[in-house]
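Report on the following structure.
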Amino acid sequence: MSPGAPAPQTAIIFTGGINHPFEHAAPVLAAILADAGFEVSVTTDLDEVLSALRADQTALLVNYALRWSMTQDEKYAPDREAWALRVPQSARDAITGHVSGGGGLLGIHTASICFDDWSQWRDVLGGAWQWGRSWHPAPGPTQVKLDLVHELVRGLADFAIRDEVYSDLDLTPQIDVAAWARAEVAPGGRETGTQPALWTHRYGRGRVVYDALGHDSQSLEHPVHRRILQRSALWASGHDTVERLSCAM
């Protein structure tokens, strides 16, 4: 950084969980955000996240984790000690305070399943997994259609990717959808239909983006998806202009 230049904006990635290669994908995500100008740290410790938010009210909170109560089925029992999470009131207050006060939030893929014992998380993120209704097919070919009027994806093109299509999430009415995804399923398989895959909304004075894609590093590194992630991080962090967002072209 040159003398007198402003310090880079910070991003803290909360990650970890089961059935996803977070240990490989989270560093890839960190590199993508670093290329957009962020100073990035990665942690599986929620207390470290909260400390980072207290230290920097402008930090971008990135949830790329699969941390929830894990009480829905006994198949999760072997992993509960390592990964089950109930969100304490102090963490709820810190996260809602940070975002409503103007801090940015970028939720990726499994963020919609996180924090299932905290009903307000749906309102903060703009949508959440609803047990008994929400579902997804196995990772596979997925078509992504963009709303080219939306500033996050303006100038980009529809694309194909290999990913999971999260389906039938419980959505808030305030979200502004920028992209939709549809899984290519085998004949006789359950159809996902067209599902919201990228949205923005405001929570208090804060900006929020949720990107339902991102199962693994292959998804994150797709050229168009990479640009969307960078633009999403910048927009959530308060950057307004198309010119600034286009740094990720």
Side-chain angles (χ1 to χ4, degrees), residues 15 17 19-22 25-26 28-29 32-33 62-66 105-114 121-122 124-201 207-236 245 248-249:
T15 192
N19 298 335
H20 290 72
F22 293 115
V28 169
L29 176 61
I32 290 170
L33 299 187
V62 183
N63 185 326
Y64 185 38
L66 185 50
L105 169 64
L106 172 58
I108 299 174
H109 196 48
T110 48
S112 59
I113 305 177
C114 276
W121 177 241
R122 168 187 174 269
V124 178
L125 189 63
W129 188 272
Q130 186 176 76
W131 291 96
R133 186 184 82 171
S134 303
W135 66 285
H136 66 80
T142 299
Q143 298 297 321
V144 183
K145 183 175 179 56
L146 308 180
D147 178 356
L148 298 180
V149 175
H150 200 292
E151 62 186 312
L152 287 191
V153 297
R154 194 175 301 159
L156 303 179
D158 298 346
F159 61 100
I161 197 170
R162 185 182 185 279
D163 216 313
E164 292 174 327
V165 176
Y166 282 6
S167 302
D168 300 329
L169 298 178
D170 182 18
L171 308 176
T172 64
Q174 294 83 12
I175 61 172
D176 184 9
V177 179
W180 295 263
R182 185 184 187 99
E184 297 180 9
V185 297
R190 184 178 179 183
E191 294 282 349
T192 64
T194 300
Q195 301 291 332
L198 178 71
W199 67 68
T200 62
H201 86 114
R207 294 181 175 190
V208 179
V209 180
Y210 174 66
D211 179 350
L213 303 174
H215 177 77
D216 54 23
S217 57
Q218 180 182 16
S219 169
L220 298 174
E221 291 180 312
H222 183 284
V224 180
H225 194 199
R226 177 188 177 94
R227 294 169 186 167
I228 289 171
L229 288 164
Q230 292 176 326
R231 290 182 177 193
S232 296
L234 290 166
W235 185 87
L245 294 172
M249 291 294 289

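Residue numbers run from 1 in the order of the sequence given.
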Q: Identify the two heavy atoms, one from Cys114 and one from Ala65, that lie closest to each other, and give their separation to 0.1 Å.
A: SG-O, 3.0 Å
(Q) If I take atom OG1 from residue Thr192 and atom CD from residue Glu184, how far apart are they, to the nearest 0.5 angstrom? (A) 10.0 Å
Q) For Val165, does its backbone N or O pair with a side-chain atom of Ser167 as donor and acceptor, under 3.5 Å? A) yes
Q: Check for a donor-acceptor pair, side chain of His20 on one end and backbone N or O of Tyr64 on the other, with a separation under 3.5 Å.
A: no
Q: Might you point out which heavy atoms bring Val153 and Leu148 nearest each other, and give the distance in Å?
A: O-CD2, 3.7 Å
(Q) If we count only N and O atoms by modelled type, under 3.5 Å, do the side chains of His225 and Asp163 hold a donor and an acceptor together? (A) no
Q. Which atom pair, heavy atoms only, marks the closest approach of Val144 to Ala179?
A. CG1-CB, 4.2 Å
Q.
Checking the side chain of Arg226 only, and the main-chain atoms of Ile32 only, is there a donor and an acceptor separated by less than 3.5 Å?
A. no
Q: Please confirm whether the backbone N or O of Trp129 pairs with a side-chain atom of Ser112, one donor and one acceptor, at under 3.5 Å?
A: no
**Q.** Point-to-point distance, once rounded to the nearest 0.5 Å, from OG of Ser232 to CG of Asp211
**A.** 6.0 Å
Q.
Nearest 0.5 Å, please: how far is CD1 in Ile108 from OG1 in Thr15?
A. 9.0 Å
(Q) Are the side chains of Arg133 and Asp170 in contact, using a 4.5 Å heavy-atom criterion? (A) yes
Q: Check whether any side-chain N or O of Gln195 sits under 3.5 Å from a backbone N or O of Asp168 as a donor-acceptor pair, and report yes or no.
A: yes
Q) So does Glu151 pair up with Arg231, basic N to acidic O under 4.0 Å? A) no
(Q) Does the plane of the ring in Tyr166 sit parallel, tilted or perpendicular to the ring in His109? Use 30° and 60° as the thresholds. (A) parallel
Q | Verdict with supporting geometry, Asn63 and Tyr210, side chain to side chain contact (heavy atoms under 4.5 Å, CB included) | A | CA-CA 9 Å; Asn63 185 326; Tyr210 174 66; over 6 Å; no
Q: I would like to know whether Phe159 and Gln143 meet side chain to side chain contact (heavy atoms under 4.5 Å, CB included); could you show each step before the answer?
A: CA-CA 6 Å; Phe159 61 100; Gln143 298 297 321; over 6 Å; no
**Q.** From Arg162 atom CZ to Asp216 atom CG, the distance as rounded to the nearest 0.5 Å
**A.** 6.5 Å
**Q.** Check against side-chain hydrogen bond (donor to acceptor under 3.5 Å, both in side chains), His215 and Glu164
**A.** CA-CA 6 Å; His215 177 77; Glu164 292 174 327; 3.1 Å; yes
Q. Quick one: does Trp199's side chain have a donor or acceptor within less than 3.5 Å of a partner on Leu125's backbone?
A. yes
Q: Take Arg190 and Val185 through the test side chain to side chain contact (heavy atoms under 4.5 Å, CB included) and record every step on the way to the result.
A: CA-CA 7 Å; Arg190 184 178 179 183; Val185 297; over 6 Å; no
Q | Considering all heavy atoms, the nearest Leu229-Leu106 contact | A | O-CD2, 4.4 Å
Q.
Main chain of Thr142, side chain of Arg182: is a donor-acceptor contact present, judged purely on distance under 3.5 Å?
A. no
Q) How long is the gap from CG on Asp176 to OG1 on Thr200, to the nearest 0.5 Å? A) 4.0 Å
Q. Under 3.5 Å, is there a donor-acceptor pair between the side chain of His150 and the main chain of Leu152?
A. yes
Q) Can you name the residues that form a ring pair (Phe, Tyr, Trp, His ring centres under 6.0 Å) with Trp180, not counting sequence neighbours? A) none
Q.
As a quick check of understanding, evaluate side chain to side chain contact (heavy atoms under 4.5 Å, CB included) for Val177 and Asp147, giving each step before the final call.
A. CA-CA 8 Å; Val177 179; Asp147 178 356; over 6 Å; no
Q) Which heavy-atom pair separates Pro196 from Leu171 by the least distance, and what is that distance? A) CG-CD1, 3.8 Å
Q: Check whether any side-chain N or O of Thr172 sits under 3.5 Å from a backbone N or O of Gly127 as a donor-acceptor pair, and report yes or no.
A: no
(Q) As an exercise, state the distance from CD of Glu221 to CD1 of Ile161, rounded to the nearest 0.5 Å. (A) 10.5 Å
Q) Quick check: does any side chain N or O of Ser217 sit under 3.5 Å from a backbone N or O of Ala25, one acting as donor and the other as acceptor? A) no
